[in-house]
Amino acid sequence: MDHGLKYMNYIRKITIVGLLIISLVLELTPIVQLSNAQQVVFRVGWGGTSFDTFNPFTTYTMISTWATLNVYSRLVRPTINYTSYVPDLAESWSIIGEDVIRFSLVKNATFHDGKPVTAYDVEYSFYLANQSWSTRAPNVKTIRSMRIIDEYTIEFNVTSIPLFLSQAASTITIVPKHIWANISDPSTYNAYPPIGSGPLRVVDYKEGQYIVLEPYSNFYYPWMLPKVSRIIIKLYPDVTSATNALLAGDIDAVGPYIPMALYDTLANNPQFKVFKSPGVMYFYIAFNVDPEGTGNPTLKDKAVRLALAHATNVSYVCDVAWHGYSKPIASVVPTSNMFYNWNLKLYEYNLTLASKILEDAGYKLGSKGVRVSPDGIELRYTILVPSKFPEAVNAAQLIANMWRQIGVYAEVKAMDTGSMSAIIWQNKDGKTILGHDIDLWDWNVGPDDVTIFDVFVTGRKLTGTSDSGYSNPEYDELYEKLFEAKTFNELLSIAYKLQEILYNDLPYINLCEVEPIQAHNTKFTGFNYDWPGGPFGGNDWTTFLNVRLTETSSITPQQVESTLQAPVAQTSDQTMMLALIAVVVATVAVVAGYLLVTRRR
Amino acid sequence: MFSYLIRKIFSTIISILLIFTLAFIMFRLLPGDPISLMFRDPRLNKDQVDYLMRVFGLDKPLWEQYFIYIINALRGNLGISFYYKQPVSGILIERLVNTLILLIPSTICSILLGVVTGSISAWKKNNFIDKFISGFSLVLYTLPTYWLGGLLIILSIYFLRLPVTGMYNYGVQYSGLIDKIADLLTHMLLPFVTLTLVSYGSFTMITRSALVDISTEDFVKASYAIGYSEKRIFMRVLLKNVSLPILSMSAIAIGTSVAGAVLTETVFAWPGVGRLIYDAVMNRDYPLLQGSFLIISISVVLANTIADLLYGILDPRVRAGGQ
């Protein structure tokens with residue numbers, strides 16, 4: 001019994017020491033918060049896809065583009081509706097004839113390393129963008145040639161001025177030639193630290209953790225400089241972690257969206273502003289119409305696809321699966337895209353009509369309640385859907401139930417996108433063929449993006465972008481004309497026709513455009529909620545420039561010089577900390593061991 | 001003892017070489033092609049796909065890729081991450097340090113707590129304290145990490161006001177290292193508690209069951225017959241003999257804990273190896289996956305080798321058996 005009491009005493013002592021350590025940690029918290037209050041820091045969390053690279057010519061992720069939107073300059077910047085432009089590095093521009101556009105650059109622009117920005121840097125940046133490895137190559141497809149007039153004037157001879165402005169002048173980032181020309185392989189260069197000439201510069205970055213941006217005081221338009229002294233983009237593995245961080249006060253805003261499960265918690269808290277913005281992401285159903293594809297061949301029959309379109313209540317699916325935060329769309333681009341064809345209407349949900357189309361085409365109901373083609377093939381399909389989107393899985397189930405009512409059986413298979421890709425794009429005798437029946441997936445299409453039309457060009461199944469295997473020479477020919485449109489109206493007209501062809505041929509049934517719900521702490525203001533994708537969705541270049549404290553906020557703005565340590569120093573700090581923890585743990589273990597041994601004696 | 005040592009080191013080297021091969025094959029069996037997966041983008045054209053395949057060596061036959069990988073790995077070059085376009089070793093070391101900062105204290109705490117409470121439980125076998133400790137350990141052992149982490153996050157948001165994500169208040173200017181450590185500790189508290197609690201249960205149960213098993217052995221009865229005090233039997237006979245299963249369990253725990261924190265790191269957005277592996281799997285980033293797998297496997301193999309060697313020291317029968 002004595003020993004039991006002694007053990008209880010040990011436990012008591014351990015508990016007391018543990019509690020003391022915890023209280024010490026809790027007591028130390030205010031010290032850190034005090035340091036944070038010395039300056040106006042705006043912290044935004046991004047959940048989901050990781051940041052990949054600062055190289056603007058090889059990045060594929062939205063977060064990488066957004067984080068550097070104001071680090072690198074562009075020639076011009078789009079306005080909120082993306083139909084007009086405001087000056088950036090080009091203070092003015094003039095159109096000469098039908099094919100030539102001349103840009104006059106600001107003369108006091110400097111890169112973040114202090115070197116001046118000239119027309120040579122612009123020319124070199126467009127040269128890099130046009131390389132075969134560059135993700136920006138499709139954006140500069142309209143350029144025939146470039147000519148430097150003088151150090152601050154550059155001229156582009158292009159096939160389509162409106163398309164050049166939207167796809168190239170406003171998107172190609174200007175990088176310093178004096179740095180990039182010395183890189184042996186720019187395609188694998190991660191460009192850290194990134195040197196641009198924009199209003200923000202990157203002062204610190206930790207892969208998978210955060211990016212710290214600060215105003216670049218020598219920016220050529222001082223009035224555009226941010227109203228906060230520092231912007232921190234924190235990277236989270238998913239939107240739930242990011243939203244939890246917002247609730248806990250770790251960050252001030254969250255993007256690209258908040259999970260529905262946390263919507264009420266945020267919306268009912270006056271500390272946060274929750275809002276809905278125009279969507280840039282949409283979901284669709286793709287049919288395997290690849291002439292060489294191995295999926296159920298009945299899907300190659302347009303009558304079947306038309307019947308399935310009439311048997312899909314898109315409005316209902318959007319309402320139910322996305323809890324009212326999505327809207328039905330009739331085209332392959334979201335409504336926030338400047339080329340969206342408003343003349344297209346949703347296919348009427350009419351099961352009688354759908355059944356009649358199938359009957360007329362010879363698809364009779366079989367003995368098992370499933371329709372059978374004149375060749376004896378059952379209308380049984382598999383719908384592949386990414387499991388990471390529970391709403392999409394739900395939508396696929398709803399659609400399968402609707403189709404069952406016209407004698408079409410669809411099985412929904414949710415899986416990771418890697419497994420989906422392996423089923424869809426298969427290699428057979430050295431050729432890529434599509435091996436699935438149907439998939440329900442998403443595309444992110446920016447407000448001025450036309451590259452989505454490229455997905456339906458013949459042969460795009462080879463690159464793993466076309467999941468329908470659609471091939472139509474008429475479409476291919478018209479698509480090429482897009483790059484020769486001389487006026488915006490002509491461009492719009494071609495884009496409309498492309499959408500009409502796809503609408504009629506039905507390689508896709510377009511479903512729902514997801515309207516992102518985002519949130520921020522009300523201590524900050526200055527956001528544009530109507531920007532496509534929302535202020536924290538990755539497209540809005542004004543977010544970091546306009547964010548400011550609300551007038552009622554108790555935090556005093558106070559600009560301070562950056563004293564952040566260099567990345568190398570931070571790593572050594574980490575090692576020091578690890579060593580410190582190891583020393584503490586070892587000391588505790590030694591002391592505990594010593595006490596134990598001496599007591600035993 | 002020397003030949004035992006040589007044998008162990010030799011088998012460790014063989015294991016590590018097998019791991020190298022396994023790491024290469026295993027991830028290539030995953031469905032999906034890394035290029036189309038990582039870059040599902042309408043902008044991707046055939047030239048870019050071909051270029052990326054060439055740059056990352058994916059256009060070469062599998063056997064050639066394997067030899068390049070082995071030669072590079074032996075030189076300490078784990079390749080370039082497809083996704084981050086940075087050397088894998090650099091990314092891994094940084095993340096590994098973050099993981100160890102969290103895992104070393106929590107693993108040690110869970111072992112110490114587990115041994116202490118497991119001993120008390122065995123000491124007080126079948127009474128209220130034993131039932132309470134056993135029940136409590138069982139509950140903690142079965143609790144999903146996500147659930148426990150989520151619960152702590154909710155508690156923190158509404159009551160504790162502790163940071164729930166990340167490692168530091170990024171971008172904060174610290175007045176000194178103490179401030180920075182304090183910041184780290186506040187961020188570390190919730191994931192540390194989660195990790196400690198989820199692994200604490202198994203140590204308690206193993207310690208208890210080993211002690212209870214050993215207490216029925218003849219040499220324990222003999223000790224009683226000699227007239228040793230109960231305390232002496234417990235401290236000198238039982239605890240000493242139970243050190244072997246605890247040691248092997250600890251070796252496995254330390255080895256696997258490098259990767260075992262995936263869930264905790266995800267819940268608390270702790271920038272460690274676990275989260276890196278999760279992202280790498282989703283992106284089919286072969287070099288990063290191979291590198292992570294190598295590090296984890298080598299940690300497990302080394303931890304087990306060290307445990308085997310300690311076994312030899314603690315228990316002469318192991319050495320003798322080997323001979």
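Note that the structure is a prediction, hence the values are computed from the model and not measured.
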Structural part of [X] lying under 4.5 Å from a heavy atom of chain B:
{"X": "A:Tyr189", "result": "neither"}
{"X": "A:Ile232", "result": "side chain"}
{"X": "A:Thr240", "result": "neither"}
{"X": "A:Asp238", "result": "side chain"}
{"X": "A:Thr265", "result": "side chain"}

After noting the C-alpha distance and the side-chain angles of A:Ile423 and A:Met415, does the key distance pass the side chain to side chain contact (heavy atoms under 4.5 Å, CB included) rule? CA-CA 11 Å; A:Ile423 295 171; A:Met415 57 186 73; 3.7 Å; yes
Under 4.0 Å between a side-chain nitrogen and a carboxylate oxygen: does that hold for A:Asp250 and A:Lys234?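 So A:Asp250 does not pair with A:Lys234 through a salt bridge.
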Check the pair B:Asp130 / B:Arg208 against salt bridge (Lys or Arg N to Asp or Glu O under 4.0 Å), numbers first and verdict last. CA-CA 9 Å; B:Asp130 173 36; B:Arg208 184 196 175 277; 2.7 Å; yes
Given the options B:Thr266, B:Leu276, B:Ile80, which has more heavy-atom pairs under 4.5 Å with chain A than any of the others?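 Most heavy-atom pairs under 4.5 Å with chain A: B:Thr266.
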Just so I understand: if I count every heavy-atom pair under 4.5 Å between each of B:Ile154, B:Thr165, B:Ile157 and chain A, which residue has the most?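 Among the listed options, the one with the most contacts to chain A is B:Thr165.
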Donor-acceptor pair, A:Asn139 side chain versus A:Gln167 backbone, under 3.5 Å?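 Yes.
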What part of B:Phe268 gets within 4.5 angstrom of chain A, counting heavy atoms only: side chain, backbone, both, or neither?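 Contact with chain A: none, neither part.
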Select, from A:Ile251, A:Ile231, A:Val445, A:Leu247, the one with the greatest count of heavy-atom pairs under 4.5 Å involving chain B.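 Of A:Ile251, A:Ile231, A:Val445, A:Leu247, A:Leu247 has the most heavy-atom pairs under 4.5 Å with chain B.
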Among the options A:Ser466, A:Gly47, A:Pro237, A:Gly459, pick out the one with the most heavy-atom pairs lying under 4.5 Å from chain B.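 Result: the option with the highest number of such pairs is A:Pro237.
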Give a yes or no on this: more than 12 heavy atoms of other residues, nucleotides or ligands lie within 6.0 Å of atom OH of B:Tyr146.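 Correct, the count exceeds 12.
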Give a yes or no on whether the ring-centroid distance for A:Tyr192 and A:Tyr205 is below 6.0 angstrom.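 Judged by ring-centre distance (under 6.0 Å), A:Tyr192 and A:Tyr205 do meet the cut-off.
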B:Leu100 side chain near B:Leu96 side chain, heavy-atom distance below 4.5 Å: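 Sidechains of B:Leu96 and B:Leu100: in contact.
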